[in-house]
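What follows is a single structure, written as structure tokens, with notes after it.
So that the names make sense, note that chain A is the first sequence line, chain B the second, and so on, each numbered from 1. Treat the numbers as computed from the prediction; the structure is a model and nothing was measured.
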Number of protein chains: 2
Amino acid sequence: MSAVTSTVNVGRPRAFDMDTALEKALEVFWRKGYDGTSLSDLTEAMGINKPSLYAAFGNKEQLFLKAIELYESRPCSFFLPALEKPTAYQVAEHMLYGAAMNMADSNHPQGCVVVQGALSCSEAAASVKEALINRRVEGEQKLKVRFDQAKTDGDLPPGTDTGVLARYLLTVLQGMAIQANNGACSEQLRQVAHMTLQAFPRAG
Amino acid sequence: MSAVTSTVNVGRPRAFDMDTALEKALEVFWRKGYDGTSLSDLTEAMGINKPSLYAAFGNKEQLFLKAIELYESRPCSFFLPALEKPTAYQVAEHMLYGAAMNMADSNHPQGCVVVQGALSCSEAAASVKEALINRRVEGEQKLKVRFDQAKTDGDLPPGTDTGVLARYLLTVLQGMAIQANNGACSEQLRQVAHMTLQAFPRAG
DNA sequence: AGATATATGTACTTATCGGTAAATAACCCT
DNA sequence: AGGGTTATTTACCGATAAGTACATATATCT
């Protein structure tokens, strides 16, 4: 993939670790949003200066998009792994409790950067807003497809509208991101998760 | 209330209508968020120039807070009126369908400015973020109190945890704001509202 | 009509924004 | 050791941010 820039060890070596720098950038974008984050915020948090940032990551927008990629592939991310669970109910269960655990985790900013990174934003940020909307909509679509599978598997009632069910679940998850921003703790989010699951359709 | 500045008609009269200017400001903040909105955006939308804005509204932050006040007192707002409904179920019903109708209304920006006005933001916007969090938490508290009343009225089961129920409902409403930003239409939001109501506890 | 009071328009301030030019430093390869 | 290559540092760029000074315009009050 990254065959464009040196796989060979030629030239002065980079003095910082790109992955940890990207983690720092993610943390700032997560907490302040795209518009609310300045390059000074980024360089300070990443421990590098601007030319190094531009050389390594392109520009602010590309850095943001790479940070989002990192966010979704982190070990503690819960959305995609939940899709692998054997039944629709367990998929929902893992998503909801995973969100309750993760979104209020005080080891990083609260909520979800895909939700709050560029919800309302300037025209300069319009493209990253679009990118985040796409991520959210694609997640919803993946969940619908998983529920379609569940219907043929027989662990969702035949009459289930999987599109609505997926949208409903994403709505709750996205609402939990706001709740986490409000200061709700994991236990409070778990209660919301529990209540959501009580209404979840199961195989007849 | 507004006795500080001239109730008397002395001096050059204001050449614009403060209420319509405030509506325009609200629309910009709603669409772009606090950080994403510049004073140029505001003066252009409001049809006035900066000294007039500062003389009439104080500064950017005070203008934002006044715009939020306007937002919550608009005729088409649905949250506080829903609290007046006779039963807990009808309260929830009116909130959910009101949100479905309002948040995807194409006559104004999608979603809810109290949710998306300053969700993640710069340090300069920290105080308005706090103000919005307070609004959201206070709304949740008001709904809990309403549900407590419903319990004594007998239109909620005695064992109901009204705090969790209120938080769950606010979670769905806030999630619907994100869905509206995703491009969901009123009908799609109505489906989410319907599914939420199906799980709503009723009097035994 | 003239004094007083408030609003408007133009032009400005200082600070910061995202982004970059150019010189220097640190590595590998021959 | 020296050439080639890439990273870091410092200093800068034009544009725009929020906010304001000041002169002018338009009203009421006496």
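- At least one donor-acceptor pair closer than 3.5 Å links the side chain of B:Asn181 to the backbone N or O of B:Ala177.
- Side chain to side chain, A:Gln174 and A:Arg136 fail the donor-acceptor criterion of an N or O pair below 3.5 Å.
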Distance-only criterion, 3.5 Å: show the donor-acceptor pairs between side-chain atoms of residues 77-84 of chain B and protein atoms not counting sequence neighbours.
unit_1, atom_1, unit_2, atom_2, d
B:Ser77, OG, B:Glu72, O, 3.4
B:Ser77, OG, B:Arg74, O, 3.1

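- Contact annotation: A:Asn49 reaches the phosphate of D:dT9 (side-chain N/O to OP1 or OP2, under 4.0 Å).
- In this entry the distance linking OH of A:Tyr54 with P of D:dT8 reads 16 Å, nearest Å.
- Put simply, the residue from A:Phe64, A:Trp30, A:Phe29 that forms a ring pair (Phe, Tyr, Trp, His ring centres under 6.0 Å) with A:Tyr71 is A:Trp30.
- Considering only residues two or more places apart in sequence or on other chains, B:Arg190 meets the salt bridge (Lys or Arg N to Asp or Glu O under 4.0 Å) condition with B:Glu187.
- B:Ser52 has a side-chain polar atom (N or O) that falls below the 4.0 Å cut-off from OP1 or OP2 of C:dT8.
- Ranked by how close their nearest DNA chain D nucleotide is to the 5' end, B:Thr37 and A:Pro51 are led by A:Pro51.
- At whole-Å resolution of the value, CG in B:Leu39 and P in C:dT14 are 19 Å apart.
- You won't find any donor-acceptor pair under 3.5 Å spanning the side chain of A:Lys60 and the base of C:dG18, going by distance alone.
- Contact annotation: A:Ser40 side-chain N/O to C:dC17 OP1/OP2 distance is under 4.0 Å.
- Counting heavy atoms from C-beta outward, B:Phe57 and B:Met46 have side chains that approach closer than 4.5 Å.
- Separating the CG atom of A:Leu42 from the C1' atom of C:dG19 is a distance of 13 Å, rounded to the nearest angstrom.
- Atom CG of B:Asn59 is separated from atom P of D:dA17 by 16 Å (rounded to the nearest Å).
- In this structure, A:Met46 places its CE atom 15 Å from C1' of D:dT8, rounding to the nearest Å.
- Between the CG atom of A:Leu53 and the P atom of D:dT8 there is a distance of 11 Å, given to the nearest Å.
- Within residues 11-36 of chain A, the residues that place at least one heavy atom under 4.0 Å from DNA chain C are, in residue-number order, A:Gly11, A:Arg12, A:Pro13.
- Distance, B:Ile48 CD1 to C:dT8 C1': 10 Å, rounded to whole Å.
- Taking the charged nitrogens against the carboxylate oxygens, B:Glu27 and B:Arg31 do have a contact shorter than 4.0 Å, which makes a salt bridge.
- Atom NZ in B:Lys50 sits about 13 Å away from atom P in C:dC12, given to the nearest Å.
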